[in-house]
2 protein chains.
Amino acid sequence: MDDIDRALVLRLQQDAGQSYAALGAAVGLSAGATHERVRKLRERGVIRRTTVDVDPAAVGSGVLAYVMVDSNAWMGESGEAFAAIPEIQEAHIIAGSASVMVKVRTATTGQLQDVLRRLYAIDGVIGTHATVVLDTFFERPLPL
Amino acid sequence: MDDIDRALVLRLQQDAGQSYAALGAAVGLSAGATHERVRKLRERGVIRRTTVDVDPAAVGSGVLAYVMVDSNAWMGESGEAFAAIPEIQEAHIIAGSASVMVKVRTATTGQLQDVLRRLYAIDGVIGTHATVVLDTFFERPLPL
DNA sequence: TCAGAATGCCGAATGAAATTCGGCCTGATA
DNA sequence: TATCAGGCCGAATTTCATTCGGCATTCTGA
């Protein structure tokens, strides 16, 4: 993981569709060497996968909310219960008054309400506190 | 935006590196037609870009926190002030007691503290409330 | 310090994939 | 029903990914 690797990851985050030749030229390597570097970054798990960034509103997920989930038990093994709710995009164990925080995307606030209902159905969950996002300034890749 | 488009977006989210031939076979289209569909999805902005998913810990961002930012003024035009802090990965205007919520990734909690310091320096910011993530269950693509 | 091994890079060769296009079919329009 | 636009297929062409031999540099251990 040297400066070249970091530069490669940075540029791939910005555009994973460019050719290895272009990518290599940007960091001063041949296409072959660039290919090998990127292959190893994947192998090591630094790059997990290549994906596309989708406009949530365009695919029917215009409502974004963060939900703090309160519980009366240790939630450390409940990951799958949260994963079973497809509208949940992220789920984290947190330090603080609540024990879990989830990021939810739905088409409408009605569906958001339904997600809250399903959260309550999870073992140990005793309360939720939803924070609705009114506007997103930005969502961007990791700093490097 | 029909069922085929949705299937394409779904599969591209899972793996944007596959060939148009494979992608087309999965949805019942030729490589050429698939190429054209995807081109239009990009053109319409449904697909914003193709990128790589990076392991944060591997690039020196092992600490994740969400920070509620309190203010004494309308923050609607302050997006750039938040964007100027590279450790902030997302920034949203929210409904509720705080006015802005940001997602922060740093290498250490010391750097997190430094980010809070810089948040306080933004015009109108009068307080922060950080929630540190202890463990991430999952982070995944949009539901479709 | 020196031989051997390992690593990383370059440049060329080869096969696979992206991209382009003409022609055909279907559904909508008037 | 005649016309037109949109979408798909399949082939042709160009570009790119991937693989490899050979060379230089660095690392290891004696």
Side-chain angles (χ1 to χ4, degrees), chain A residues 1-62 86 107 139-144, chain B residues 1-62 86 107 139-144:
Chain A
M1 202 59 201
D2 57 10
D3 287 330
I4 293 182
D5 282 336
R6 264 183 292 277
L8 289 175
V9 171
L10 179 64
R11 286 168 188 281
L12 283 173
Q13 281 190 322
Q14 294 165 347
D15 176 10
Q18 64 192 300
S19 71
Y20 285 112
L23 197 53
V27 301
L29 285 181
S30 70
T34 304
H35 184 270
E36 178 67 7
R37 286 252 191 182
V38 173
R39 190 189 63 72
K40 286 182 180 169
L41 285 168
R42 291 182 193 285
E43 187 178 81
R44 275 183 260 153
V46 176
I47 294 176
R48 290 166 167 164
R49 64 174 167 179
T50 102
T51 183
V52 291
D53 189 13
V54 175
D55 177 8
V59 296
S61 294
E139 290 181 289
R140 63 188 180 190
L142 253 42
L144 284 176
Chain B
M1 202 60 202
D2 58 10
D3 287 328
I4 292 183
D5 280 337
R6 264 183 292 278
L8 289 175
V9 170
L10 179 65
R11 285 167 189 282
L12 283 173
Q13 281 190 322
Q14 294 165 347
D15 176 11
Q18 65 193 298
S19 71
Y20 285 112
L23 199 53
V27 301
L29 285 183
S30 72
T34 303
H35 183 269
E36 178 66 8
R37 286 253 191 178
V38 174
R39 190 190 63 71
K40 285 182 180 170
L41 285 168
R42 291 181 192 286
E43 187 179 81
R44 276 183 259 153
V46 177
I47 293 177
R48 291 168 167 161
R49 64 175 167 178
T50 104
T51 182
V52 291
D53 188 14
V54 175
D55 177 10
V59 296
S61 294
E139 289 182 287
R140 63 188 181 190
L142 252 43
L144 284 175

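Convention: sequence-line order gives letters A, B, ...; per-chain numbering from 1. The figures that follow rest on heavy atoms only: side chains count, while hydrogens, waters and symmetry mates do not.
Distance CD (A:Q18) to P (C:dA18): 16 Å, rounded to an integer number of Å. Atom C1' of nucleotide D:dC8 and atom CZ of B:R39 are separated by 14 Å, given to the nearest angstrom. We find that CD1 of B:I4 is positioned 10 Å from C1' of D:dG7, with the value rounded to whole Å. We find that CD of B:E43 is positioned 11 Å from P of D:dG7, with the value rounded to whole Å. Rounded to whole Å, the distance from CG on B:L12 to C1' on C:dA18 is 14 Å. Straight-line distance from the OH atom of B:Y20 to the P atom of D:dT15: 17 Å, rounded to whole Å. At whole-Å resolution of the value, CG in A:D5 and C1' in C:dC9 are 14 Å apart.
To the nearest 0.5 Å, atom OG1 of residue B:T51 and atom CD1 of residue A:I47 are 9.5 Å apart. The distance from the CG atom of A:L41 to the CD atom of A:E36 is 10.5 Å, given to the nearest 0.5 Å.
Rounded to 10°, the angle separating the first-five-pair axis and the last-five-pair axis of the helix from C:dT1-D:dA30 to C:dA30-D:dT1 equals 40°.
A side-chain contact (heavy atoms from CB on, under 4.5 Å) with A:Y20 is found for exactly one of A:L29, A:V38, A:L8, namely A:V38. Here the rule is salt bridge (Lys or Arg N to Asp or Glu O under 4.0 Å) with A:D55, and of B:R44, B:R48, B:R49 only B:R48 fits it. Each of B:R37, B:K40, B:R39 was checked for a salt bridge (Lys or Arg N to Asp or Glu O under 4.0 Å) with B:D5, and the lone residue meeting it is B:R37.
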Hey, what are the protein-to-nucleotides 9-13 of chain D N/O distances that come in under 3.5 Å?
from	atom 1	to	atom 2	distance (Å)
D:dC9	OP2	B:S30	N	2.6
D:dC9	OP2	B:S30	OG	2.8

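Residues B:M1 and A:V59 meet the side-chain proximity criterion, which asks for heavy atoms closer than 4.5 Å. Inter-residue side-chain proximity for B:R6 and B:V9 is flagged as unmet; no heavy-atom pair is nearer than 4.5 Å.
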*Does the pair B:E139 and B:D53 meet the rule for a side-chain contact (heavy atoms from CB on, under 4.5 Å), with working shown?*
CA-CA 10 Å; B:E139 289 182 287; B:D53 188 14; over 6 Å; no

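Here B:K40 reaches the OP1 or OP2 of D:dG7: one of its side-chain N or O atoms lies under 4.0 Å away. For the pair B:R37 and D:dC8, the criterion of a side-chain N or O lying under 4.0 Å from OP1 or OP2 is met. Residue B:H35 places no side-chain N or O under 4.0 Å from the OP1 or OP2 atom of C:dA18.
A side-chain donor-acceptor contact under 3.5 Å links A:T34 to the backbone of A:S30.
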